[in-house]
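To keep things clear, I will list the structure first and then write my remarks on it.
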Amino acid sequence: MKMENYEAFVGFDLCKVPLSSAAQKIMSAVHSGDSVESKNWRESEKTAEVVNNSRIKYSVLLENGKNQSLEKRNLSSSTSQTSGSSINLCPPSSSIRLPDQPSADQNQKNVSSLAPPSCFIPQCNQEAAVLQKTESKRTHFLKENKNNEKKEMPVNLKRKHGTCHFSGKTNKHVALEENADEVEAHLNCGNARACENHFCDVRYLDDLEKSQLVEMLQQAVAVVVTLMYEDGSTQLRAEQALFPSVKGIAMLLQSRVDGSGPLDVSASDSVLGEGATLRDQYIYLQTEHSFTGGQEQEAYNQFARKVLFQMLKCKCPVVCFNAKDFVRTVLQFFGKDGSWKHVVHFVGLDPRIAAWLIDPGDAAPSFEDLVAKYLESSISVKVNCTYGNSSRNVVNQNVRVNLKMLHRLTMGLCSQLKVYGLWQLFCTLELPLIPVLAVMESHRFQVNREEMERTSALLGSRLKELEQEAHFVAGEQFLITSNNQLREILFGKLKLHLLSPRETLPRTGLQRLPSTSESVLSAVQDLHPLPKIILEYRRVHKIKSAFVDGLLACMRKGSISSTWNQTGTVTGRLSARHPNIQGISKHPIQITKPQNVKGTEGTMLTISPRSMFVAPEGHTFLAADFSQIELRILAHLSGDPELLKLFRESERNDVFSTLTSQWKDITPERVTHADREQTKKVVYSAVYGAGKERLAACLGVTVQEAAQFLESFLQKYKKIKDFVQTTIAQCHQTGYVASITGRRRPLPRVRAQDRQLRAQAERQAVNFVVQGSAADLCKMAMIHVFTAVAASPTLTARLVAQIHDELLFEVEDSQIPEFAALVRGTMESLRNVRALELQLQVPLKVSLSAGHSWGHLVPLQEAPRPSDQPTSC
DNA sequence: GCGGTGCCACTTTGG
DNA sequence: TCCAAAGTGGCA
């Protein structure tokens with residue numbers, strides 16, 4: 001789906017908008033789910049109060065029962081329209097209470113901050129029973145899963161053809177069903193009716209059936225997919241292996257049948273009205289390459305690629321739990337034959353992302369968690385079935401049931417997104433990001449392994465040296481990492497606790513033994529050489545394990561690739577794991593050189609973890625940083641004239657340097673990097689509500705001086721204070737805060753009795769609005785640059801990492817100038833984003849740097865801009 | 001004595 | 001009583 005189509009269908013605030021055909025099909029798919037399934041969604045008795053937010057219009061409209069039925073009729077008929085029509089985007093529930101607008105009785109109950117949105121709870125007084133049911137269900141899953149793991153997997157199943165046409169009336173499927181286990185093992189049967197009860201394995205389709213399948217994909221109203229793993233489990237299983245082996249893709253195709261087509265219609269199909277019905281068909285597509293190879297395999301691969309291409313450009317959305325993994329699997333299947341550019345417009349409706357937007361504090365819920373939270377409690381999910389202890393027949397039946405449930409869950413969550421005013425954000429930002437992240441994960445960072453191993457060995461030598469020193473000064477050998485042994489030496493043998501000027505040293509919790517923590521060691525470090533040695537040992541050990549060995553452990557075939565988590569933060573930021581590339585030390589670290597190291601230049605050794613990352617031959621890293629992104633957003637949101645002036649007038653200057661020179665009363669040229677970093681810390685701390693004590697510690701001045709600085713800063717930028725107060729007041733009023741794109745963070749603790757909790761929630765509220773908005777812009781930048789490169793016939797630059805405000809690309813040397821101009825232009829023009837009705841009062845500034853290693857990037861000369869007026873996105 | 005686990009404090013990053 | 005992460009070691 002194309003970006004412009006998105007923009008068309010996300011302009012839904014007025015409830016009725018003209019839609020492009022592709023966008024409309026997405027909406028039709030969503031609503032065909034609504035019309036069939038809406039009754040299964042929990043509805044509460046009370047109606048939302050209208051807050052000062054146009055997006056709540058839905059709930060107001062929905063109070064009218066007539067509207068609701070009209071809407072349903074509209075929805076059914078809209079599915080057959082093609083373009084320029086109007087769709088009422090009201091959600092299915094007739095009366096919805098928003099979680100941030102609790103009813104009076106709920107307020108009295110002081111609902112826990114972790115409670116799910118109340119609109120999903122059928123009756124509040126049944127909540128305990130529901131939770132209990134869920135808990136017992138979970139225990140059941142765990143038991144079931146444990147049993148499954150013990151059983152062995154079946155081996156080598158023979159291939160068996162079951163040829164029957166989609167349109168044919170053969171009864172072969174009946175015969176096949178009798179031998180259910182084998183049928184399901186091969187998943188083979190092309191008959192339309194059979195496909196409603198079984199999976200059709202694409203491998204066994206004849207040419208006619210193949211073309212029918214492609215046609216079905218083109219006509220599909222909904223496509224629901226899940227990856228199938230080697231053991232028969234799917235993405236819907238709660239516990240996922242770190243590197244699960246994908247075997248294939250199971251999908252549910254829902255197509256409209258109007259009675260006149262070639263496909264058979266049965267009474268069991270869902271009736272949509274006007275003679276049209278929905279038909280479910282289950283398809284299985286193997287992606288794992290079999291051992292046979294040869295021409296047959298090649299022919300199959302070719303067709304499988306065709307099916308996957310068709311899915312990528314599907315006119316309806318593809319529903320998938322963890323859609324990023326699906327996209328990555330597709331990219332992997334394409335291998336060298338496919339460019340990453342093929343997935344750029346893929347739209348995968350991911351219920352996990354939808355649920356996260358609604359409740360960002362709910363960390364990584366599994367499919368069953370979501371079903372328990374958002375669907376009826378009576379539904380039982382069998383997600384943990386594997387081939388282990390269940391017949392394939394049962395496993396595949398569960399997969400079919402779960403695909404249906406996944407569809408229902410997703411449709412319901414989509415409706416909820418609209419209720420909360422999050423639909424636009426979901427469609428313009430979070431969904432387009434899925435292929436971006438999948439492509440990032442498919443690319444591997446080259447790491448200088450030799451250098452890493454050398455550094456590891458160096459650090460290892462230093463650790464050995466420190467250990468020997470420790471043994472020497474202690475007068476005996478002991479295990480340096482054992483705190484018990486260390487405690488015995490420090491306090492048993494050396495009796496440092498008796499020599500310490502501190503009256504009492506901290507003790508361990510339960511056993512009340514003298515602690516060997518860092519604070520204790522620091523307190524006694526002048527009494528004996530041992531504590532200092534231990535402190536350095538621990539420091540070096542930490543660097544070795546975190547930045548060298550930790551990274552080496554993540555390496556496969558000389559390179560690393562982080563896993564990007566789209567739903568791991570409360571502010572909307574991305575996070576990275578294995579390794580956490582966002583936390584890799586930027587500044588070189590100095591340690592004392594081990595004595596056995598040759599070369600005499602200096603006694604210190606510099607370790608620069610980022611320098612281990614190198615661009616491949618003929619390529620260069622290019623980093624694009626948003627300059628002072630949060631401060632610019634703060635200027636925009638507060639409208640502070642002084643801050644706005646600072647950004648508008650000194651567009652080419654560094655604002656933190658300017659502030660530093662003002663604060664320290666020195667010329668901007670004399671501001672050092674450390675000064676600037678300090679100012680940055682102080683400014684953000686002040687804005688986000690740091691106390692004068694913390695600021696004093698940060699600045700290295702007295703508490704009084706810090707208080708004075710705080711006052712003068714907030715006095716100069718008066719409107720910052722107003723912004724902070726307004727944000728907190730709004731949070732108190734509604735129970736949540738929102739970023740510039742409408743991303744929400746519920747903060748129920750803002751109404752807590754405890755003053756500390758309340759104050760913390762208030763600081764979080766202020767921080768979220770700014771940090772969340774910056775995160776929105778950075779994600780937007782990723783999408784826009786990604787799309788721009790994909791649209792270019794020549795550019796090949798790849799996004800390899802995002803470090804919050806910095807995008808790191810790997811660019812062909814020859815393309816640096818062209819790409820640099822494109823990146824700068826694209827990122828800076830995000831000042832205006834039409835799709836999100838965003839227009840910042842301040843310009844955005846992007847600084848570029850490039851180099852052959854990530855640790856050695858040098859600023860790129862600023863290319864002349866095409867025009868001073870940035871184009872809008 | 002060894003290894004697994006959960007909590008906490010502390011490091012790095014980013015603003 | 002700045003905010004947000006991931007990762008590590010200490011401790012029980």
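The side chain of His804(A) places no N or O atom within less than 4.0 Å of a non-bridging phosphate oxygen (OP1 or OP2) of dA4(C). Contact check, Thr571(A) against dC3(C): no side-chain N or O comes under 4.0 Å of OP1 or OP2. At least one side-chain nitrogen or oxygen of Ser575(A) sits closer than 4.0 Å to the OP1 or OP2 atom of dA6(C). Contact annotation: Arg745(A) side-chain N/O to dA4(C) OP1/OP2 distance is under 4.0 Å.
One atom, CG of Asp549(A), and another, P of dT8(C), lie 10 Å apart when rounded to the nearest Å. Atom-to-atom, CD1 of Ile543(A) to C1' of dA6(C) comes out at 17 Å; the value is rounded to the nearest Å. Taking atom CH2 of residue Trp564(A) and atom C1' of nucleotide dA6(C), one finds them 12 Å apart after rounding to whole Å. In this structure, the CG atom of Leu490(A) is 14 Å from the C1' atom of dG10(C), given to the nearest Å. Rounded to whole Å, atom P of dG7(C) lies 18 Å from atom NZ of Lys544(A). Summarising the geometry, the separation between CG on Asp805(A) and C1' on dC3(C) is reported as 15 Å, rounded to the nearest angstrom. The CD atom of Glu806(A) sits 20 Å away from the P atom of dA5(C) (whole-angstrom rounding). Atom CD in Gln485(A) sits about 13 Å away from atom P in dG10(C), given to the nearest Å.
Protein chain A contacts DNA chain B over a range whose 5' and 3' limits, counting nucleotides with an atom under 4.0 angstrom from a non-hydrogen atom, are dC10(B) to dG15(B).
Taking the P atoms as reference points, dC2(B) lies 23 Å from dT8(C), given to the whole Å.
At the heavy-atom level, Val570(A) lies under 4.0 Å from the strands shown only through sugar-phosphate atoms. Residue Arg538(A) is in sugar-phosphate contact alone, with no base atom involved, counting any heavy-atom pair closer than 4.0 Å across all strands shown. Arg573(A) comes within 4.0 angstrom of a nucleotide base, judged by non-hydrogen atoms across all strands. Residue Arg610(A) is in sugar-phosphate contact alone, with no base atom involved, counting any heavy-atom pair closer than 4.0 Å across all strands shown. Nucleic acid contact class of Gln764(A) (heavy atoms, under 4.0 Å, all strands): sugar-phosphate only.
For Lys645(A), the side-chain contact (heavy atoms from CB on, under 4.5 Å) partners at least two apart in sequence or on another chain are Glu642(A), Glu649(A). Partners of Thr571(A) under the side-chain contact (heavy atoms from CB on, under 4.5 Å) rule, at least two apart in sequence or in another chain, are Thr569(A), Arg573(A), Phe768(A), Gln771(A). Every residue two or more places apart in sequence or in another chain that forms a side-chain hydrogen bond (donor to acceptor under 3.5 Å, both in side chains) with Gln590(A) is listed here: Thr606(A).
Nearest to the side chain of Gln756(A), among dT1(C), dC2(C), dC3(C), sits dT1(C). Across dT8(C), dC3(C), dC2(C), the shortest atom-to-atom separation from the side chain of Lys542(A) is found for dT8(C). Distances from the side chain of Arg763(A) to the nucleotides dA4(C), dC3(C), dA6(C) place dC3(C) closest.
Listed in residue order, the members of residues 581-590 of chain A having a heavy atom less than 4.0 Å from DNA chain B are Gln582(A), Gly583(A), Ile584(A), Ser585(A), Lys586(A), His587(A). Contact check of residues 684-699 of chain A against DNA chain B (heavy atom, cut-off under 4.0 Å) returns Tyr684(A), Tyr688(A).
Glu806(A) and Trp854(A) make their closest contact through OE2-NE1, 3.5 Å (heavy atoms, listed as atom of the first residue, atom of the second, distance). Nearest approach of Ala474(A) to Lys493(A), heavy atoms of both residues: O-NZ, 2.7 Å. Among all heavy-atom pairs drawn from Ala765(A) and Thr727(A), the shortest one is O-CG2, 4.0 Å.
Ring centroid separation for the pair Phe723(A) and Tyr717(A) does not come in under the 6.0 Å cut-off.
For Ser366(A) and Asp369(A), the side-chain atoms include at least one donor-acceptor pair closer than 3.5 Å. Asp675(A) and Thr660(A) share no donor-acceptor pair across their side chains, judged by distance under 3.5 Å alone. A side-chain donor-acceptor contact under 3.5 Å links Asp549(A) and Ser456(A).
A salt bridge between Arg539(A) and Glu536(A) is absent, with no side-chain N of the basic residue lying under 4.0 Å from a carboxylate O of the acidic one. Contact check on Arg743(A) versus Glu430(A) returns a salt bridge, with a Lys/Arg side-chain nitrogen under 4.0 Å from an Asp/Glu carboxylate oxygen.
No side-chain donor-acceptor contact under 3.5 Å links Arg745(A) to the backbone of Pro360(A).
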